[in-house]
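Contents: one structure, followed by commentary.
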Amino acid sequence: MELYVFDGTLEGILTAVFDSYERKASLVKLVSSEHHLPDAFQETFTVISEDYKAKRVWNGLIKKLDKEWMKRFYKSFLSEQPQTFQDLFDFAHYIFDNLPGAENNFGNPVVLAVSQMDRKVHREKHRMEAFIRFQQTGDGIFYAHIDPDFNVLPLISDHFRKRYADQKWIIYDLKRKYGLFYDLEKVEEITFDFTTEMSSSLNALPAQVLDPKEELYSLLWKDYFRSTNIPARKNMKLHIRHVPKRYWKYLSEKQV
Amino acid sequence: MFERIREKLEILADAAKYDVSCSSSGSNRKNHNKGIGDAEGTGICHTYTEDGRCVSLLKILLTNHCIYDCAFCVSRRSNDIKRAAFTVDEVVELTMNFYRRNYIEGLFLSSGIFKDGDYTMERLLRIVKKLRVDEKFNGYIHLKTIPGASPELLHEAGLYADRMSINLEMPTEVGLKLLAPEKSHEDVKKPLDQIQKSIVQYKDEKALIKSTPKFVPAGQSTQMVIGATPESDKRSCIPLMLSTKIFL
Ligand code: SF4
């Protein structure tokens, strides 16, 4: 068993796959440097991400997998889960070492793990598309911040760009400390230096930076949400299944 | 100033909430004019009520004033309730501001009848037109049309709405006379025929002209209330979607 330490990027995983073939490694344990606890007795190999290696592996996968599977591979990676890094590494090996069609063998634990993680990331993407609530700032930007379970910003970018083509917006991931900014032309990655810790609850922007109408509309929305309820049919169990509690902080209608 | 609009919304959302139809799917409207929104594929549930129902549309009445007295309707003339009416601009602004904040997928608009059918329909038409033309709104719009309104108004509204439907309170003439003496069955049926005709007409036109406007992309639906008249099937007041879905 060899221990490979990589930088946590997709290029890193792909480079690790390349290196492992070159080094004829049999069993590899892949950890990101973030999760790696140095151990004096364990020999480690440090993976240095390299573009051409990553591309070779990626193109190799494209030859054997259809578009859907390539997306799955990418989406699972965005889960950022240590186990998933390992699964993706093993999955790539499994695909290269077997005849075409191996990806449909859900009896194989890594095939199953990768596709299950893809589902989870996909669900989180959908939740963000539904639950994000923008606040309009005084300078006309629609702002929302989130701290999703997985790194879904790259996945939701298109949806918001298409839908809100005529308004500037920012969606900021507090956990991963970067955001997307749409300036009416293109979406760009941005980072902020918050002087104070931002609260992850929704109505986090201070009143003085908001558009004067913001308060009214969030109030009207809360009113509207309340009015759609039919109290006689209240069913909180069902409600929580649709909107798990950890998402309530996003929903302005849930803030008191 | 907040209070008046809050009160209106409270009254007019409440009056609309027992309406059965709830869908923002089946439409395929892409954002093609760099305006705002798209109503592609199935609608997103932006939130859920505490009884677990999906909330994806702002569902309101333009007004709950009504000159008629249909027995099942909370807005009926003889019912002693608070009344309110939005202005055209208020509905447009509310829709746009909710949409821009990612609260909703679109608008589900219906109305009581004040003055007469055309007067009311004309206002509904102004709202959808303003949304589509002035605001370049590409989100979902479901419009409940007004019995007795003129075919021209209905046709035009159909060019802007994703879905049109009509309240047919009673399935038959007798039932209608009993419960809403002022409305004749013909009045109620007319708009529906009109939508159907327009769709047929649209199909014909399409054969000749490449880009005729979409007339009601998601089809139309009719809502009936069964159970109050002698012809009832014993269940009491079950709204039935008598869907005359005509997909293009
Ligand atoms: S016409 Fe429509 S709004 Fe008026 S009472 Fe009848 S059902 Fe209600």
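When reading the values below, keep in mind they use all heavy atoms of this one structure, side chains included, and skip hydrogens, waters and symmetry mates. In what follows, chains carry the letters A, B, and so on, assigned in the order in which the sequence lines appear, proteins first and then strands, with residues in each chain numbered from 1.
A salt bridge does not link Arg226(A) to Glu50(B): none of the charged nitrogens lies less than 4.0 Å from a carboxylate oxygen. Between Lys234(A) and Asp51(B) there is no salt bridge, since none of the side-chain N atoms of the basic residue sits less than 4.0 Å from a carboxylate O of the acidic one. Salt bridge status for Glu214(A) with Arg101(B): present, with a side-chain N to carboxylate O gap under 4.0 Å.
Taking non-hydrogen atoms and a 4.5 Å limit, the residue list of residues 87-94 of chain B in contact with chain A, ordered by number, reads Glu93(B), Leu94(B).
In this structure the side chain of Arg163(A) reaches within 4.5 angstrom of the side chain of Glu105(B), judged on heavy atoms. With contacts defined as side-chain heavy-atom distances shorter than 4.5 Å, the pair Leu251(A)/Tyr48(B) does not qualify. Using a 4.5 Å heavy-atom threshold, the side chains of Ser218(A) and Tyr103(B) count as touching. Using a 4.5 Å heavy-atom threshold, the side chains of Thr228(A) and Thr47(B) count as separate. Side chains of Tyr224(A) and Glu10(B) form no contact here, defined as non-hydrogen atoms less than 4.5 Å apart.
Of the atoms belonging to Tyr247(A), not a single heavy atom falls under 4.5 Å from chain B. Contacts between Phe98(B) and chain A at a heavy-atom distance below 4.5 Å involve the side chain alone, from C-beta outward. Only the side chain of Phe142(A) comes within less than 4.5 Å of a heavy atom of chain B; its backbone N, CA, C and O stay farther away.
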Open item on the list: Please determine whether side chain to side chain contact (heavy atoms under 4.5 Å, CB included) holds for the pair Leu220(A) and Arg6(B), giving the CA-CA distance in whole Å, both sets of side-chain angles, and the decisive distance to 0.1 Å.
Closed with: CA-CA 6 Å; Leu220(A) 288 172; Arg6(B) 286 183 75 184; 3.7 Å; yes
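Shortest non-hydrogen contact noted between Asn102(B) and Glu129(A) is ND2-O, 2.9 Å. In plain terms, the two heavy atoms of Ser227(A) and Asp14(B) that are nearest each other are O-OD1, 4.1 Å.
Atom CG of Asn235(A) and atom CZ of Arg53(B) lie 11.5 Å apart (nearest 0.5 Å). Within the model, atoms CZ of Phe2(B) and CG of Asp223(A) stand 11.0 Å from one another, a figure rounded to the nearest 0.5 Å.
Summarising the local packing, NZ of Lys64(A) is surrounded by more than 12 heavy atoms from other residues, nucleotides or ligands at distances under 6.0 Å.
With chain B as partner, the option from Met236(A), His126(A), Arg127(A) having the largest number of non-hydrogen pairs under 4.5 angstrom is Met236(A). The candidate from Leu238(A), Val243(A), Leu219(A) with the greatest count of non-hydrogen atom pairs under 4.5 Å with chain B is Leu219(A).
In this structure, the side chain of His239(A) engages the main chain of Thr49(B) through a donor-acceptor pair within 3.5 Å.
Of the N and O atoms on the side chains of Gln136(A) and Arg100(B), not one donor lies less than 3.5 Å from an acceptor on the other residue.
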